[in-house]
Amino acid sequence: MEIRELSEELPFGCMVLGLTAEDIRDQRVVRTLYDLWIQHGLIVFRAGQCDPDFQVNLSRCFGDLQVHSVKEMVHPDREELFVAKGGDGALLEVNGELLGGYIPWHSDQVFLAETNHGGILRVARKPDSGGNTGFIDQIEAYDALPEEVKLRIDALEVVYVMKPRTAPNFRFLPRQNIRVVRANAFQEGLDAKIEGGAYPPVVHPLVFAQPETGRKVLNLSPLFADSILGMDRAESDALLEWLANHITDEARAYDHIWQEGDMVLWDNWRMLHCARGVPEGKYREVHRTSIAGDYALGRVLQAELTGGQRST
Ligand SMILES: [Fe+2]
């Protein structure tokens with residue numbers, strides 16, 4: 001295998017070329033890959049082995065794997081794989097464009113107290129246009145904050161709420177004007193679970209230090225963010241709007257254009273990601289593993305004050 005920078009312009013990300021199943025039987029290689037993941041946040045695997053078995057076995061180098069709780073999203077033959085479809089009926093209008101499979105900037109599972117440490121993506125069905133995946137480094141975003149903002153936000157916590165499709169949580173995505181055009185059966189099922197109380201509000205710190213390096217992470221997921229815990233609603237909205245505008249600055253984003261044989265690993269505790277979607281009428285299918293872990297800083301919000309109101 002060969003290790004390269006992803007881009008000279010980016011302070012995160014690297015590329016590993018030519019990795020095979022034989023390589024990851026060597027514990028020194030596994031250790032090197034793990035350190036690259038923590039150091040760079042994102043690894044693009046290219047021109048190596050690329051199939052469902054290797055994707056699962058490579059993912060296990062970084063931790064235990066989770067099986068997704070929504071059965072409809074689990075691959076029928078490989079329970080370790082989560083299947084995300086774009087162009088399967090659900091449609092959003094984003095800045096006037098109709099897109100399937102569009103998911104704005106977010107961290108996975110931030111609406112739960114325990115968030116997965118990462119995942120490996122592989123495109124199983126590639127459309128002839130669209131389907132890029134965006135990444136933003138939350139360490140870089142923290143470093144770019146003015147000092148007075150760093151001091152102000154250091155001890156704050158963010159409340160996250162999973163909202164139903166009828167009341168989507170797109171408030172803190174200032175660069176996207178998003179409208180739900182059509183849902184699919186999965187989303188309708190999810191709405192029923194949300195309305196049934198399956199997802200109580202949770203809290204995560206707005207800033208935390210990466211344990212291995214001490215580097216601070218601006219831990220804000222614009223999708224699912226609701227408020228700053230205990231802050232007046234107007235003040236909370238203003239601060240989250242400012243921070244969301246800062247963190248989703250596309251000048252700091254890396255857009256992965258998928259090539260045949262690519263797999264991408266990211267650190268979900270440190271990188272935001274987004275699915276850019278596919279044009280109406282196109283179909284894309286992505287298979288993802290979920291690498292377990294618990295940074296142990298999230299918790300379910302129970303009868304605590306949120307913006308002056310009790311949330312539960
Ligand atoms: Fe995601």
Side-chain angles (χ1 to χ4, degrees), residues 12-13 37 41-44 55 59 62-63 65-70 72-75 80-88 90 92 94 99-125 130-138 141 158 160-163 165 168-170 172-173 176 178 180 184 186-187 190 194 199 202 204 217-225 244 247-248 250 253-258 262-278 284-293 295 298:
F12 63 91
W37 180 45
L42 177 75
I43 304 179
V44 173
Q55 180 184 10
S59 299
F62 304 94
L65 300 190
Q66 298 172 336
V67 176
H68 204 272
S69 59
V70 182
E72 294 86 343
M73 306 296 282
V74 172
H75 192 285
E80 302 91 343
L81 297 176
F82 168 88
V83 178
K85 296 172 182 172
D88 64 336
L92 294 177
V94 184
L99 296 170
Y102 178 89
I103 310 172
W105 292 110
H106 68 287
S107 311
D108 284 341
Q109 298 185 7
V110 72
F111 45 83
L112 303 175
E114 234 179 74
T115 61
N116 58 300
H117 196 173
I120 293 184
L121 277 175
R122 181 177 51 81
V123 176
R125 294 272 302 276
N132 293 359
T133 308
F135 294 93
I136 280 175
D137 182 9
Q138 294 161 268
V158 180
Y160 289 93
V161 178
M162 174 81 104
K163 292 274 183 75
R165 185 177 32 88
N169 190 355
F170 298 145
F172 302 118
L173 293 151
Q176 290 92 27
I178 308 171
V180 178
N184 58 17
F186 163 68
Q187 288 170 327
L190 194 59
I194 294 166
Y199 296 97
V202 299
H204 290 278
V217 178
L218 179 55
N219 189 34
L220 175 64
S221 172
L223 184 62
F224 309 117
I247 204 170
T248 62
E250 294 279 341
Y254 164 70
D255 231 31
H256 187 68
I257 301 167
W258 290 86
D262 281 355
M263 294 196 290
V264 174
L265 164 73
W266 77 100
D267 182 344
N268 187 52
W269 295 344
R270 175 257 172 105
M271 305 292 300
L272 286 182
H273 61 285
C274 73
R276 303 286 190 185
V278 293
R284 174 186 191 250
E285 192 173 303
V286 173
H287 296 174
R288 194 201 81 202
T289 56
S290 298
I291 299 163
Y295 77 158

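As the structure lists them, so they are numbered: ligands from 1, and atoms in each ligand from 1. All values below were derived from every heavy atom in this structure, side-chain atoms included, with hydrogens, water molecules and symmetry-related copies excluded.
Looking only at N/O/S atoms, D108 comes nearest to the Fe ion (ligand 1) through OD1. Nearest N/O/S atom of H106 relative to the Fe ion (ligand 1): this is NE2.
Distances from the Fe ion (ligand 1) show that H273 has an N/O/S atom below 2.8 Å.
Salt bridge status for R276 with E250: present, with a side-chain N to carboxylate O gap under 4.0 Å.
If you look at W37 and H117, their ring centroids are closer than 6.0 Å. Between F224 and F111, the ring centre distance stays below 6.0 Å.
Between the CH2 atom in W266 and the CD1 atom in I291 there is a gap of 8.5 Å [rounded to 0.5 Å].
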